[in-house]
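Order of the sequence lines fixes the chain letters, A, B, ..., with proteins taken first and strands second; residue numbering starts at 1 for each chain. Computation of the quantities below employed the complete heavy-atom set of this structure, encompassing side-chain atoms and omitting hydrogens, waters and symmetry-equivalent molecules.
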Protein chains: 2
Amino acid sequence: MKVGIREVARAAGVSTATVSRALGRGPVSDALREQVAEAVRATGYRPNLSARRLRSQAAQTIGLIVADIRNPFFTAVSRAVEDAAFASGMRVILCNTDEDPAREAMYLRLMEEERVTGVIFAPTVATTATLGDEPLDYPVVLIDRAGPPGAHDSVILDNPTAGSALVDHLVAGGYRRIGGLFGSTSSTARERRAGYEAAMARHGLTPAVRAVPPNAAAAEAEIARWFAGPARPEALIASNGLILMGAVRAARALGLTIPGDLALAGFDNEPWTDLVEPGLTVIEQPVAEIGTQAMRLLFERIANPDQPIRKVVLSGRMVSRGSTLAR
Amino acid sequence: MKVGIREVARAAGVSTATVSRALGRGPVSDALREQVAEAVRATGYRPNLSARRLRSQAAQTIGLIVADIRNPFFTAVSRAVEDAAFASGMRVILCNTDEDPAREAMYLRLMEEERVTGVIFAPTVATTATLGDEPLDYPVVLIDRAGPPGAHDSVILDNPTAGSALVDHLVAGGYRRIGGLFGSTSSTARERRAGYEAAMARHGLTPAVRAVPPNAAAAEAEIARWFAGPARPEALIASNGLILMGAVRAARALGLTIPGDLALAGFDNEPWTDLVEPGLTVIEQPVAEIGTQAMRLLFERIANPDQPIRKVVLSGRMVSRGSTLAR
DNA sequence: GATTGCACTGAAAACGTTTTCACATCGATT
DNA sequence: AATCGATGTGAAAACGTTTTCAGTGCAATC
């Protein structure tokens with residue numbers, strides 16, 4: 001038999017309004033509050049969250065839209081987001097887009113139908129361009145990837161600086177022909193590439209970049225093609241953890257020693273990067289911080305919808321390991 | 001201005017009932033169906049899913065409760081679950097318990113309040129014991145970890161066989177003093193341990209097991225203690241990917257060569273296990289299959305609540321690599 | 001002693017849908 | 001020609017809460 005607030009009210013000898021107030025925070029006398037608590041216990045009542053959401057017009061739900069939860073970067077961020085959400089009594093709906101703009105659009109629409117409290121979103125460049133066009137009816141915080149300036153709050157890494165830092169590090173180690181392998185779908189990759197190119201120019205070196213879909217297999221294949229040609233780099237910078245993994249695989253497959261034949265540096269200080277031999281030099285991203293800051297921005301935006309757009313830029317930390325040993 | 005089904009009905013010149021039917025699958029003439037579609041387009045109507053859920057008593061939501069999404073095993077499973085869910089028009093709420101029975105209980109209750117369609121759950125042993133006590137009002141499919149027999153559908157690995165297989169493999173390679181490092185919170189670890197012990201007995205060897213919290217740091221520390229003592233194993237079996245990683249770190253820290261000083265084998269064929277030198281011998285779990293099978297079981301249970309309890313046991317696949325090279 | 005204000009309570013409306021029920025309409029069957 | 005069943009439609013009820021509105025009682029104030 002189904003027990004609703006009605007049955008609780010009857011059991012406690014009060015009105016449903018009083019039950020609702022006793023359960024939430026409403027002005028109820030201590031005596032009645034205790035009666036209601038007892039009635040809840042006796043009846044085994046569980047509030048129906050759909051009904052609550054409908055009436056109170058507060059979904060208490062946030063959407064988290066990322067490329068692929070299996071990317072450890074997003075995994076870590078999502079964990080932080082979920083912790084923050086549940087701590088505030090909110091649910092999280094997780095969506096994987098596989099970097100597909102059509103799926104991004106679909107999920108953005110779905111979030112509208114869910115009447116979500118807000119969305120945390122890592123968009124592809126394609127979607128980024130159209131993001132400002134028609135306003136969504138929920139606040140959005142962009143993570144990892146920047147949107148058109150001034151349209152949405154965002155929390156991202158200082159990508160240009162990080163990209164430059166890797167170049168500087170490699171140059172200091174005596175490397176000159178430094179190639180770059182960057183993801184083709186995110187603004188993040190573009191910014192890292194810009195930092196790479198700026199640093200290369202500053203050092204009087206000619207950049208050599210290739211863009212790939214951000215996954216290990218694509219990166220590995222691209223490097224194989226690259227090394228089949230004449231202009232082989234002596235060092236390689238990978239714009240994220242998946243591409244970096246592809247690079248390691250490619251080096252193994254080609255029989256290249258690291259860093260002797262090819263120095264390697266990249267992004268994302270994933271656990272395996274110091275387990276391979278030699279360890280990989282990476283820019284570590286403050287993954288948990290990105291998630292919690294995104295939630296903070298979201299909550300503050302909700303509390304104060306008209307405040308100016310904010311952009312939190314976090315610094316990466318370079319972790320220097322054997323893969324970029326000075327030659 | 002807010003647009004509900006009411007406004008659409010007015011725009012289309014029909015009743016709200018007709019709009020509802022035209023949007024769902026109800027008997028509506030083609031002419032009106034087109035009128036409604038046009039009105040929806042014109043008004044920019046988006047259905048309110050909370051209202052729909054409340055009225056139709058179908059949450060179209062499934063809960064996924066795991067220890068920690070950052071464990072690559074759960075990451076992969078969750079991705080498969082989410083793909084299957086969204087393909088069926090369902091939402092997924094992801095919950096991390098950190099192996100804490102209190103949080104498990106909390107989330108199980110929360111799922112009740114969400115009136116979820118069903119739950120996919122990887123419980124700790126502590127919760128497993130009490131799972132049958134009070135019936136939940138949604139169907140549950142257990143993954144990775146078995147519950148009390150006959151209480152819930154489940155999809156798990158053939159853990160005893162997998163555990164035995166690793167022992168057999170090591171014994172065939174000439175190893176005798178084979179230690180086992182097993183997680184302390186899951187029935188899975190227990191089953192793998194049982195397989196390990198059975199195989200050891202069969203080979204006339206004395207087992208040496210230690211239980212640890214299932215994370216890399218704890219495993220590493222335990223191995224350090226182990227090797228500080230007198231009875232050092234010459235091979236080690238780790239009951240999951242995190243513990244295996246801890247084992248590798250410990251070996252590195254202790255300056256042990258693999259497999260010379262210590263052979264290593266474990267579970268979960270994560271990408272990094274063949275990037276370390278030497279590659280690690282592991283039992284690969286069909287992670288995506290586990291997720292999709294779980295969803296299938298869930299859907300079939302919903303369609304037919306009274307069918308007998310089912311248990312899908314999947315086989316692991318041994319991937320033999322350098323870490324268990326014959327001595 | 002009447003009035004004000006505060007703290008609490010219940011009846012009923014509201015949230016935005018789907019579903020039930022009743023009723024037309026119409027072609028096919030008796 | 002009357003009846004039936006199938007099909008399409010609208011009015012209104014229902015889903016389970018929260019919130020509004022209108023009190024009620026009681027202590028404090030004038």
Without decimals, in angstroms, what is the distance between [X] [atom1] and [N] [atom2]?
X	N	atom1	atom2	answer
B/R53	D/dT17	CZ	P	16 Å
A/R10	C/dA11	CZ	C1'	16 Å
B/N48	D/dT17	CG	P	17 Å
B/R25	D/dT7	CZ	C1'	18 Å
A/R115	C/dG16	CZ	P	8 Å

Check your understanding: What closest approach, in Å, do B/T128 and B/P123 show between heavy atoms, and which atom pair accounts for it?
Key -> OG1-CG, 3.5 Å
Point to revise | Closest to the A/I5 side chain, choosing from D/dT17, D/dG16, C/dC15 | key: D/dT17
Check your understanding: Which of these nucleotides, C/dG16, D/dA11, C/dT9, is closest to any side-chain atom of B/L54?
Key -> C/dG16
Point to revise | B/V3 or A/R33, whichever maps to the more 5' nucleotide of DNA chain C | key: A/R33
Review point. To the nearest 0.5 Å, how far apart are CG in A/L142 and CG in A/L131?
Key: 6.0 Å
Practice item. For the helix from C/dG1-D/dC30 to C/dT30-D/dA1, figure out the bend between the end axes, five pairs an end, and round to 10 degrees. Key: 50°
Practice item. Kindly state whether the ring of A/F86 and the ring of B/Y107 have centres lying under 6.0 angstrom apart. Key: yes
Point to revise | Any A/Q57 side-chain N or O less than 4.0 Å from OP1/OP2 of C/dG16 | key: yes
Review point. Any side-chain N or O of B/K2 under 4.0 Å from OP1/OP2 of C/dG16?
Key: yes
Contact list (N/O, under 3.5 angstrom) for nucleotides 19-23 of chain C vs protein:
unit_1 : atom_1 : unit_2 : atom_2 : d
C/dT19 : O4'    : B/R55  : NH2    : 3.1

